[in-house]
Amino acid sequence: MNHPPYKTKSVEKIALLPYRERLKKIRRAGYNLFFLNSEDVYIDFLTDSGTGAMSEDQWAALMQGDESYAGSSSFNRMQKSVRDILGFPYVIPCHQGRGAENVFNSLLVKEGMLVPGNAHFDTTRAHIEHNLGIPIDCTIASAYNFQSRHPFKGNVDVKKLKQVLKKNPDRIAYILITATCNQIGGQPVSLENIRTVSGIAKRFRVPLFFDIARFAENAYFIKSRERKYRDWPLPKIVREMMRYADGALMSAKKDAIVNIGGFIALRGKKLFQELGPRAILMEGFLNYGGMAGRDMEALAVGLREGIEKNYLCHRIGQIQYLGKGLAKIGIPVLQPWGGHAVYIDAGQMLKHIPYYQFPGQALAIAAYIEGGIRGVEVGSLMEGRDPATHQNKKARQELLRFAVPRRVYSQEHLDYVIDIFTKIWKKRKYIRGVKFTREVPILRHFSSKFSVV
Ligand SMILES: Cc1ncc(COP(=O)(O)O)c(C=O)c1O
């Protein structure tokens with residue numbers, strides 16, 4: 001792993017509860033890690049969203065927050081950052097990614113319209129469906145093949161995309177490229193693929209938008225995995241990526257390293273003027289959109305820090321270090337490494353647990369009991385039930401995701417996690433599945449309760 005390009009100025013205390021206490025806490029939480037209090041968790045890998053550590057420059061910028069309702073200078077600074085880094089002239093601030101998705105899809109998606117793209121994130125999918133549209137997954141097949149080592153598993157399957165566009169000439173709302181793809185392991189999209197998709201979009205006269213929650217991590221992968229761009233500086237790669245989009249939606253809680261915030265960035269004035277009134281209705285006036293002035297200041301700085309080479313080298317290096325450490329023990333881990341998280345194949349590791357007893361959740365519980373580590377299941381529990389048959393849907397993979405917050409944990413923390421998994425690996429045969437004691441019908445993984453089988 002590369003040397004950390006920062007040192008610690010302020011600390012947050014964490015403590016590992018004794019083993020018996022952890023057992024009590026997880027039992028009381030109904031074996032659902034979302035119900036654990038954060039002080040009962042030692043290493044929190046639940047998400048990388050909004051959990052990053054801000055820099056001294058971000059904290060300093062916070063003090064300059066202009067909280068004026070209209071004409072805020074903080075908004076101007078945020079807009080300048082977006083223009084400088086991403087190259088889009090028009091910016092609509094939103095409280096977070098799904099706020100941007102709500103405003104955007106309420107205008108662009110009409111009943112029965114299609115949004116082809118690569119591994120739409122679940123809130124994106126939900127907003128398209130909420131507006132009675134249909135997301136069409138056109139990700140390449142390798143994305144769902146655990147054995148594949150394709151360097152850009154997030155790529156769009158060009159043939160499939162063309163078929164969808166040809167068959168439905170009047171039904172396409174827009175094409176969406178998500179970079180990187182959270183849904184399939186933080187996997188990136190190549191610049192070559194972005195360029196090809198853009199050519200297709202132009203040919204079929206449909207707009208192309210990006211979900212750029214993790215655009216900086218994607219740019220880093222382009223630099224390190226796509227030979228042609230090896231010598232390009234990261235800001236140039238970012239501008240080149242964005243050149244092909246008509247606009248982008250961002251959850252700034254990821255690559256802009258802030259605790260809250262997001263925006264819609266657009267190339268065209270017409271769409272900006274159409275979306276504006278909706279943004280005012282749903283998020284807030286155009287100069288704050290649900291964010292405090294101080295949050296826009298932190299975002300303006302974080303967006304610049306998020307594309308620094310040393311930072312990204314270390315960040316992606318942490319994911320690789322953790323992934324390699326786990327793989328060395330024998331644990332099946334998704335490869336190539338993604339940008340923000342390590343994904344363990346719990347289905348492979350715990351073959352004795354059937355999918356309807358949720359191996360990913362069983363492994364998440366074991367990680368908490370053994371070491372106070374909190375991750376999240378991405379498998380059949382998250383998939384939910386088939387609305388027609390009411391049967392549990394079988395996910396393509398039973399994963400446990402460890403999302404690593406930005407600039408938060410040290411190599412010692414990662415070594416600790418690897419140590420704990422050395423112990424879990426030896427005891428894996430004794431890990432048991434779970435069954436519902438209370439099943440919530442919507443987004444059930446967040447708030448259902450379980451008992452051990
Ligand atoms: C790719 C992607 N898009 C959109 C979102 C939604 O963003 P938010 O959580 O800020 O609403 C997320 C959140 O994890 C994401 O990973």
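For ligands, and for the atoms within them, numbers begin at 1 and follow the listed sequence. Atoms considered below: every heavy atom in the structure, side chains included; atoms not considered: hydrogens, waters and symmetry mates.
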Quiz item: Taking the six-membered ring of Y355, is NZ or CZ of K394 closer than 6.0 Å to its centre and within 45° of its axis?
Solution: yes
Exercise. Taking the six-membered ring of Y368 (Phe, Tyr or Trp), confirm whether the NZ or CZ of R374 is under 6.0 Å from its centre and within 45° of its axis.
Key: no
Quiz item: Nearest protein heavy-atom contact for atom 3 (N) of ligand 1: which residue, which atom, what distance?
Solution: D211 OD2, 2.7 Å
Exercise. Say whether S251, considering both its backbone and side-chain N or O atoms, lies within less than 3.5 Å of an N or O atom on ligand 1.
Key: yes
Quiz prompt | Per-residue contact class, R98 against ligand 1 - non-hydrogen pairs under 4.0 Å | solution = both
Practice problem: Assess the pair Y288 and Y69: is the distance between their ring centroids shorter than 6.0 Å? | Solution: yes
Quiz item: Which atoms of ligand 1 sit under 4.0 Å from any heavy atom of E101?
Solution: 4 (C)
Quiz item: By number and element, which atoms of ligand 1 are closer than 4.0 Å to a non-hydrogen atom of N182?
Solution: 14 (O), 16 (O)
Quiz item: Any N or O on K254 sitting closer than 3.5 Å to an N or O of ligand 1?
Solution: yes
Exercise. Assign the ring pair F421 / F402 to parallel, tilted or perpendicular, where the plane angle (0 to 90°) is split at 30° and 60°.
Key: perpendicular
Practice problem: Measure the distance from atom 6 (C) of ligand 1 to every protein heavy atom, then report the residue, atom name and distance (to 0.1 Å) of the closest one. | Solution: T123 OG1, 3.5 Å
Practice problem: Specify the protein heavy atom at minimum distance from atom 16 (O) of ligand 1: its residue, its atom name, and the distance to 0.1 Å. | Solution: R214 NH1, 2.8 Å
Quiz prompt | Residue and atom name of the nearest protein heavy atom (relative to atom 5 (C) of ligand 1), distance in Å to one decimal | solution = F121 CD2, 3.4 Å
Quiz item: N/O to N/O below 3.5 Å, does that happen between G97 and ligand 1?
Solution: yes
Quiz item: Are Y42 and Y416 close enough that their ring centers fall under 6.0 Å?
Solution: yes
Quiz item: Using a distance-only test with no angle check, is there a side-chain donor-acceptor pair under 3.5 angstrom linking E398 and S380?
Solution: yes
Quiz item: Taking it one step at a time, do R267 and Y90 satisfy side chain to side chain donor-acceptor pair (under 3.5 Å)?
Solution: CA-CA 6 Å; R267 203 168 299 290; Y90 301 100; over 6 Å; no
Exercise. Specify the protein heavy atom at minimum distance from atom 8 (P) of ligand 1: its residue, its atom name, and the distance to 0.1 Å.
Key: Q96 NE2, 3.3 Å
Quiz item: Hey, are S106 and R278 close enough side-chain-wise for a donor-acceptor pair under 3.5 Å?
Solution: yes
Exercise. Check if Q183 has a non-hydrogen atom at a distance under 4.0 Å from any atom of ligand 1.
Key: no
Quiz item: Cationic tip of K449 within the cone over F35's six-membered ring, i.e. under 6.0 Å and within 45° of the normal?
Solution: yes
Practice problem: With heavy atoms of K253 as the reference, note each atom of ligand 1 found under 4.0 Å away. | Solution: 10 (O)
